[in-house]
Amino acid sequence: MHKAIGIGIAAALLAGFANATEPVTDADVVATMKASFRERGIAKMDRLEQSDLQKQCSTWSGKQLPPDVKASLEKAAMESIVYPADNDYLGDWKEGEKIAQSGRGFQFNDTEKTVAGGNCYACHELSKAEIAFGTIGPSLYNYGKLRGGPTESVLRYTWGRLWNSHAFAACNHMPRFGAAGILTEQQLKHVMALLLDPESPVNK
Ligand code: HEC
């Protein structure tokens, strides 16, 4: 039984290769993607256009990023970071928890006015009370405690991470919450408090 299925799959694969006389190019892939997507609500086709950074990261995906490319992407990302003008980094961790929990915003069934969330739990463990979390990013449980509290350098590093994570790792998968205009400065301050306030469940 298994053997028969295996032979069937092998035959199908061979047939596929036999038909593919020309190698598949990047342009073929883009054309196929564009043909299979359609705009819906606020989600327009321009989402399929890659930024320069995305192009570079796709080009080098699975390979060692050349040091000069890595340095220039990280430099550009670092220069995009806007620190809070009032030098006040910490909002209310309770608001931060709501933002970390929310995956709303920029979806086809959202509107321009939908307040976006950070969806942090999709990729990170944060507080122990929330047991549904993804593991694409490292656990942030005890983040503030492990960093030794909200010193100036920890505040600036964490803010920079949230604003544009590519400043610290050119081709990583964390959204650019500040640089891409996903979260407002005030929302970022609340998320900062979630990570760094000693009273936050992240540090309990
Ligand atoms: C799509 C997945 C994804 C989402 C969503 C995401 N992150 Fe990340 N995050 C990552 C990845 C991956 C890394 C590690 C990047 C690297 O390789 O340096 C990271 C790194 C971090 C770091 C640095 C950790 C350290 O020890 O230096 C912080 C802080 C952080 N994320 C906070 C957040 C917060 C807060 C949110 C929500 C506002 C969030 N992340 C949303 C994927 C994500």
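Both ligands and their constituent atoms are indexed starting at 1 by order of listing.
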remark   = Nearest non-hydrogen contact to atom 26 (O) of ligand 1 from the set Met192, Arg147, Gln101 belongs to Arg147

query = Should we say atom CD1 of Ile131 is surrounded by more than 12 heavy atoms from elsewhere, each under 6.0 Å from it?
reply =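 It does not: Ile131 CD1 has 12 such atoms or fewer within range.
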
task = For Lys44, look at atom NZ and say whether over 12 heavy atoms of other residues, nucleotides or ligands are found less than 6.0 Å away.
result = yes

Backbone of [Y] reached by a side-chain donor or acceptor of [X] within 3.5 Å:
X: Asn164; Y: Ser80; answer: no
X: Asp197; Y: Leu194; answer: no
X: His190; Y: Trp93; answer: no

inquiry  = Between ligand 1 and Asn119, is the shortest N or O to N or O distance under 3.5 Å?
reply    =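 In fact, backbone or side chain, Asn119 has no N or O that close.
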
Should you measure from each heavy atom of [X], which atoms of ligand 1 turn up under 4.0 Å away?
X: Phe177; result: 36 (C), 37 (C), 38 (C), 39 (C), 41 (C)
X: His173; result: 1 (C), 2 (C)
X: Val191; result: 35 (C)
X: Tyr157; result: 23 (C), 25 (C), 27 (O)

query = Closest heavy-atom contact between Ile182 and Ala116?
reply = O-CB, 3.5 Å

note = When Arg104, Lys98, Glu97 are each screened for side chain to side chain donor-acceptor pair (under 3.5 Å) with Gln101, the one that passes is Glu97

Trace of the side-chain contact (heavy atoms from CB on, under 4.5 Å) decision for Ile81 with Trp159 = CA-CA 8 Å; Ile81 300 168; Trp159 185 269; 4.1 Å; yes

Distance filter under 2.8 Å, centred on atom 8 (Fe) of ligand 1 - protein N, O or S atoms that pass it =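 Hits for atom 8 (Fe) of ligand 1 below 2.8 Å: His124 NE2, Met174 SD.
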
ask   = Taking the six-membered ring of Tyr141 as reference, does the NZ or CZ atom of Lys128 fall below 6.0 Å from its centre and within a 45° cone about the axis?
value =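 Verdict for Tyr141: a cation-pi partner in Lys128.
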
Looking at [atom], what's its closest protein heavy atom, distance included?
atom: atom 29 (C) of ligand 1; answer: Tyr143 CE1, 3.8 Å
atom: atom 12 (C) of ligand 1; answer: Ile136 O, 3.5 Å
atom: atom 17 (O) of ligand 1; answer: Asn172 CB, 3.8 Å

inquiry  = Is the shortest side-chain heavy-atom distance between Leu73 and Cys57 below 4.5 Å?
reply    =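 Touching, per the 4.5 Å side-chain cut-off.
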
Distance-only side-chain donor-acceptor flag, Thr158 / Tyr143, under 3.5 Å = yes

inquiry  = Applying a heavy-atom cut-off of 4.0 Å, say which part of His190 lies close to ligand 1: side chain, backbone, both or neither.
reply    = neither

